[in-house]
Amino acid sequence: MVELTVLGIAQDGGRPQAGCLKSCCSTLTPSDVRYPVALGIVDHDGSTHLIEASRHLGEQLRFIWKLPTGGDKKNKGIDHVWITHAHLGHVDGLGLLGREAMNAEGIHLHVSESMANLIRRTPSWNLLADLGVFDIEIFNREERFFQSSTLQIEHVAIPHRAELSDMHGFIIRGLHKSLFFLPDQDSWEDTLSAHDCRSIRHFLQKMRVDIALIDGTFWSFDELADMRDQTQVPHPPVAQTLNFLGSRLPQDPEILFIHLNHTNPLFDLSSAQYQTLQGMGW
C-alpha cells in the first residue's frame with residue numbers, strides 16, 4: 001500500500017507570512033499556522049518520497065514518520081525528493097538535508113534539467129551534491145515517470161514564471177488511486193494551451209486522476225490591491241477557476257485548492273468565499 005500525506009497547503013511564505021501585520025496574520029493562534037505546500041509519500045517497502053523541500057522540513061517530516069510527542073526514534077531518513085520548481089517555499093529546505101541538520105546521504109533528487117543547472121550554479125546546493133547528500137536525477141522527456149511495483153510518479157510541464165527554473169506538476173499513481181499535485185501555474189489559458197485542452201475538465205481527464213490538488217493562491221484578481229501589483233505574481237484565482245468549472249459533476253475528480261496565500265479568505269471556514277466553494281460541491 002502507498003500512503004500519501006499532505007504536509008502543507010500554504011503559499012511559499014507560509015501562514016503567518018513574514019512582515020504581515022494585517023489581521024490575516026496578526027490575530028492567528030498556533031493552531032492557525034499552516035506550512036508551505038509539500039507532500040510525503042511512503043511506498044509499500046517503506047521508502048520515503050518528499051515532494052518539495054520547505055524550510056519547515058523538521059515539522060513536516062513528523063507527519064510522514066508519525067512520530068509521538070515523546071521518546072526517541074531512529075532517524076528514518078528520506079529516499080527521494082521531488083522539486084516542482086525553484087521558487088522560495090519549494091526549495092528553501094534543501095540545505096536542511098546537509099551537515100547542519102539531517103546529515104543525509106544518497107538521496108535521489110528528482111528535478112528538471114533547468115533546476116539541475118540552477119543547483120550546480122548555486123554554491124550551497126552544489127556543495128550538497130559534491131558531498132553526496134543527494135544525487136541529481138534529471139527528468140527524462142522520453143520516460144515521464146518513476147515506477148516501483150506499487151507507485152508511479154509522472155512529471156507534467158506547466159507554464160509558470162521561469163526566472164530561475166521551469167515548473168512541473170506531479171501525478172502520483174498508486175494501485176487504486178491517482179493524485180495530481182499542481183501548486184503553481186500562471187493561468188489556465190496558458191496551461192490548457194500547452195496541453196492542447198479545451199477546458200479544465202478536459203485537462204484533468206487527460207491526466208487521468210481521481211484527486212487534483214491545484215493552485216488556489218488567491219481568491220480574486222484584486223486580493224493584493226492595497227499591498228502590491230498582483231500581476232507580478234500571476235496565479236489563476238479560485239473564483240475564476242470556479243467560474244470555469246461551475247458546480248461539481250458526478251464524474252469530476254475531487255479538486256482541492258492548495259498553495260493558499262496568507263490573504264486568501266478560504267482559510268476562514270466561515271467566510272462567504274468558503275461557503276461558495278462548498279455550495280458548488282468542491
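As the structure is a computational prediction, the values presented were derived from the model and not from experiment.
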Side-chain heavy atoms of Ile78 within contact of Leu61, under 4.5 Å:
yes
Residues 15-35 vs salt bridge (charged side-chain N to carboxylate O under 4.0 Å, His left out), sequence neighbours excluded, gives Lys22-Asp226
*Relative to each other, are the rings of Phe170 and Phe139 parallel, tilted or perpendicular (30° and 60° limits)?*
perpendicular
* Parallel, tilted or perpendicular: which fits the ring planes of His49 and His80, with parallel below 30° and perpendicular above 60°? -> parallel
Note to self: Using ring-ring contact (aromatic ring centres under 6.0 Å, His included), reason through Phe218 and Phe257 one step at a time and then give a plain yes or no.
What the structure shows: CA-CA 10 Å; Phe218 304 116; Phe257 292 96; over 10 Å; no
Does the Ser187 side chain pair with the main chain of Pro236, one donor and one acceptor, at a distance under 3.5 Å? no
Exercise. Show your working on side chain to side chain contact (heavy atoms under 4.5 Å, CB included) between Ile172 and Ile51 and close with a plain yes or no.
Key: CA-CA 10 Å; Ile172 299 98; Ile51 297 186; 3.8 Å; yes
Separation between CG (Leu179) and NZ (Lys177), nearest 0.5 Å, reads 10.5 Å
Separation between CD (Gln185) and CG (Leu192), nearest 0.5 Å, reads 8.0 Å
Any donor-acceptor N or O pair under 3.5 Å, side chains Asp12, His259: yes
Output for pair (Arg201 CZ, Asp252 CG), nearest 0.5 Å, gives 4.0 Å
With no hydrogens and no angle check, do the side chains of Asp45 and Ser148 hold a donor and an acceptor under 3.5 Å apart? no
With no hydrogens and no angle check, just 3.5 Å: does a side-chain donor-acceptor pair link Glu154 and Gln152? yes
Kindly check if the number of other-residue, nucleotide or ligand heavy atoms within 6.0 Å of CD (Gln147) is above 12?
-> yes
Check your understanding: Side chains of Ile138 and Ser112: closer than 4.5 Å at any heavy-atom pair?
Key -> no
- Query: So, Glu163 versus His87: side-chain donor-acceptor pair below 3.5 Å or not?
  - Reply: yes
Apply side chain to side chain contact (heavy atoms under 4.5 Å, CB included) to residues Ile171 and Arg173 and explain how you reach the verdict. CA-CA 6 Å; Ile171 298 176; Arg173 300 192 191 279; 3.6 Å; yes
Would you say the side chain of Phe267 lies within less than 4.5 Å of the side chain of Trp219, judging by non-hydrogen atoms? no
Just checking Leu21: does its CG atom have more than 12 heavy atoms from other residues, nucleotides or ligands closer to it than 6.0 angstrom? no
Check your understanding: Do the side chains of Leu182 and Leu213 get nearer than 4.5 Å, heavy atoms only?
Key -> no
- Aromatic ring centroids of His235 and His160 under 6.0 Å? yes
Do Gln17 and Gln11 pair up side chain to side chain, a donor and an acceptor below 3.5 Å, judged on atom types alone?
yes
Report task. Can you label the angle between the His85 ring and the His90 ring as parallel, tilted or perpendicular, going by 30° and 60°? Result -> tilted
Here the gap from Phe134 atom CZ to Leu128 atom CG, rounded to the nearest 0.5 Å, amounts to 4.5 Å
Under 3.5 Å, is there a donor-acceptor pair between the His168 and Thr84 side chains? no
Listed pairs under 3.5 Å, donor-acceptor, residues 96-109 side chains, sequence neighbours left out:
| from | atom 1 | to | atom 2 | distance (Å) |
| --- | --- | --- | --- | --- |
| His108 | ND1 | Glu137 | OE2 | 2.4 |

Distance col, row Trp82:CH2 vs Ile41:CD1, nearest 0.5 angstrom, shows 8.5 Å
**OP:** Count the heavy atoms of every other residue, nucleotide or ligand shown that sit under 6.0 Å from CG of Asp229, and state whether that count exceeds 12.
**Re:** yes
To the nearest 0.5 Å, atom OH of Tyr274 lies from atom CG of Leu266 at 8.5 Å
Same cluster or not: Ile153 versus Ile158, using hydrophobic residues (I, L, V, M, F, W, Y) connected whenever any side-chain heavy atoms lie under 4.5 Å apart? yes
